[in-house]
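Hydrogens, waters and symmetry mates play no part in the numbers below; they use all other heavy atoms, side chains included.
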Amino acid sequence: MDREKHAEALDGLNGVKHKIAIYWRLYVDWLAGLGWGRLALISLLALILSGVLALSGAVVFLILMSFLVKACVAPKPSRPAALTGRTEEEMKQDRGAYHG
């Protein structure tokens, strides 16, 4: 391989790396908004489908990783003030009371 082909290959890898980071962030955001019950239901349906398609090992790994990411990495979604029945001022005062 010459230098030009090496440069093309490295550009391709940089593009893939960038897309993987974008899709990882989207996946974590989706998991953060998903409830535990829905995650369990989706996991059960994925196990059933994987049994039909004979892909159980890979799917079990993905399910376990999803639960691990949801428990440890995914940020907890914040509740908007409209759902809590409190104003933004009250929420800011509460945050100030805890931090200082």
Query raised in the report: Would you say Val28 and Trp30 are hydrophobically clustered, going by side-chain heavy atoms of ILVMFWY under 4.5 Å?
Result: yes

Query raised in the report: Do the side chains of Leu44 and Leu39 join up, straight or via other hydrophobic residues, at under 4.5 Å, putting them in one cluster?
Result: no

Report task. Check Ala46 against Val59 and note the closest heavy-atom contact, atom names and distance. Result -> O-CG1, 3.7 Å

Requested in this report: Could you state whether Ile63 and Leu41 fall into the same hydrophobic cluster, counting links through intermediate Ile, Leu, Val, Met, Phe, Trp or Tyr residues with side-chain heavy atoms under 4.5 angstrom apart?
Outcome: no

Query raised in the report: Roughly how far apart are Arg25 CZ and Ile22 CD1, rounded to 0.5 Å?
Result: 12.0 Å

Report summary line: Heavy-atom closest pair (Ser43 atom, Phe67 atom, distance to 0.1 Å) is OG-CE1, 3.4 Å

Query raised in the report: Are Leu49 and Leu64 grouped together when hydrophobic residues (ILVMFWY) are joined by side-chain heavy atoms under 4.5 angstrom apart?
Result: yes

Report task. Spell out, yes or no, whether Ile42 and Leu53 are grouped together once hydrophobic residues are joined by side-chain heavy atoms under 4.5 Å, including indirect joins. Result -> yes

Requested in this report: Kindly compute the distance separating CG (Leu62) from OG (Ser66), expressed to the nearest 0.5 Å.
Outcome: 6.5 Å

